[in-house]
Amino acid sequence: MADRDGAQPRVTALARKLGARIAASGPLPVDAYMAACLADEAFGYYRSATAIGAAGDFTTAPEIAQVFGELIGLWLADQWQAQGAPQRFNLVELGPGRGVLMQDALRAAGQALPAFAAAARLHLVDISVPMREEQRRRLAAHAPTWHAELADVPNDAPMFAVANEFFDALPVRQHVRRGSAWHERRVGLHEGRLGFVEGEAVPGDFARAEAPEGAVVETCPAGEAIAQELGARIAELGGAALAIDYGTAVSGWGDTLQALRQHKPVDVFEAPGECDLTAHVDFPALMAAARKGGAASYGIVGQGAFLTRLGLPVRLGRLLRSAAPRQARELAKASQRLLDPREMGTLFKVVCIVPAGSAPPPGFVSELEI
Ligand code: SAH
């Protein structure tokens, strides 16, 4: 049977598994659905797909231009130096994908400050087996240790961390406004097919007085827990964390859950477990969680402004002078994609977490820029 758009819905193995689970114990909260689609032990998207790149489902900044990872490496090394260049520290990446960002970061930071690369113990947090393989290929020389979650990374030294397009993959809950109450949005069955259903009223004051009747408000308990943990570790032993993602600078409302397949948006129920699912990151909520952990946070700054302040145009100018014409055109185009407000420049945003009382790190001006 074709759906409204004429597309053929695929009953994937995960769709059958979720259908049976819903039939047995009722509709699932949206975060449970998203978690299953991405991380189900047997059928989750990140368990099998090599999602990133031209042949995959989406592309990310480090895959577009190496200068992205290089500038992040220099930022981390600068913060390490600003905190007294500790002789031992944990260098952590959350969701490293194919390992390209960290490879570029360590090369650039290692050239500028060899002692930084020498003192780093590399910890990679990722649930994806194929991605871990790619990471091993690129980062073996740095002897990484892998973990399924941040909580497993040793908390025995200062931590310098980066997360690019990681928080958008963490499951969100959705709540629908009905009068003065908020109802949990759930995934149930309509004539045997997965779809949204409205669940019970749940406690929750989202301070979104302006949200109209029927509006959807999202929260990301998993993301907030990780931001709080980063804040607590940085407050306790020092370090810094940088998070780059697409999302909102003001906590608002709206259903931002989206599925991507081969670089095209598709319905979130189209082929569960075979598409990437993401939601916009609520940056103010992440920063509040980091501060709850005891650290300070800076941002929110647009990716374009951040990379410009770190000197991307200067670095690019230097590269262009020694590049062949075709390579120069490609370099200029790639940088443009990262910086331009019509591309990734403002949709993508950057925040950092540093010890309370720290001055704004490079790229940041104040505690609330947007
Ligand atoms: N940072 C990379 C990859 C972004 S894609 C880049 O910029 O190219 C998201 C990454 O997070 C993937 O490597 C995926 O395997 C990982 N990931 C997704 N959900 C995760 C989770 N719950 N815990 C740990 N890693 C996760």
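Both ligands and their constituent atoms are indexed starting at 1 by order of listing. Every value quoted in this text rests on a predicted model; they were computed, and no experiment measured them. Every heavy atom of this structure was used, including side-chain atoms; hydrogens, water molecules and symmetry mates were not.
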Ring centroids only, cut at 6.0 angstrom: are Phe160 and Phe116 within range, meaning strictly under it?
no
Determine whether Leu14 and Tyr45 make a side-chain contact, defined as any pair of heavy atoms from C-beta on separated by less than 4.5 Å.
no
For Ser128, the atoms of ligand 1 under 4.0 Å from one of its heavy atoms are 15 (O)
Is there any N or O on Leu170 that sits under 3.5 Å from an N or O of ligand 1?
no
Any side-chain heavy atom of Pro27 sitting closer than 4.5 Å to one from Val187?
no
Distance under 4.0 Å to a non-hydrogen atom of Tyr46: what atoms of ligand 1 satisfy this?
5 (S), 9 (C), 12 (C), 14 (C), 15 (O), 18 (C)
Taking non-hydrogen atoms only, is Pro96 closer than 4.0 angstrom to ligand 1 via side chain, backbone, both or neither?
backbone
Sub-3.5 Å N/O-N/O distance, Thr60 and ligand 1
yes
Are any non-hydrogen side-chain atoms of Pro221 and Arg173 less than 4.5 angstrom apart?
yes
What are the atoms of ligand 1, with element, lying closer than 4.0 Å to any heavy atom of Pro62?
6 (C), 7 (O), 8 (O)
Between Phe348 and Phe306 (judged by ring centroids, cut-off 6.0 Å), do the two rings come close enough to count as a pair?
no
Considering the heavy atoms of Asn164, write down every atom of ligand 1 situated less than 4.0 Å from one of them.
1 (N), 2 (C), 4 (C), 6 (C), 7 (O)
Quick one: look up the protein heavy atom nearest atom 2 (C) of ligand 1 and list residue, atom name and how far away it is.
Gly95 O, 3.3 Å
Could you tell me the residue and atom name of the protein heavy atom closest to atom 4 (C) of ligand 1, and the distance to it rounded to 0.1 Å?
Glu165 O, 3.4 Å
Check: Phe283 ring centre within less than 6.0 Å of Phe167 ring centre:
no
On the 0 to 90° scale, with breaks at 30° and 60°, tag the Phe364-Trp75 ring pair as parallel, tilted or perpendicular.
perpendicular
Taking the ring of His147 and the ring of His123, is the distance between their centroids below 6.0 Å?
yes
Per atom 20 (C) of ligand 1, closest listed option by heavy atom (Ile127, Leu94, Asp126):
Ile127
Can you find an N/O atom of Gly97 closer than 3.5 Å to an N/O atom of ligand 1?
yes
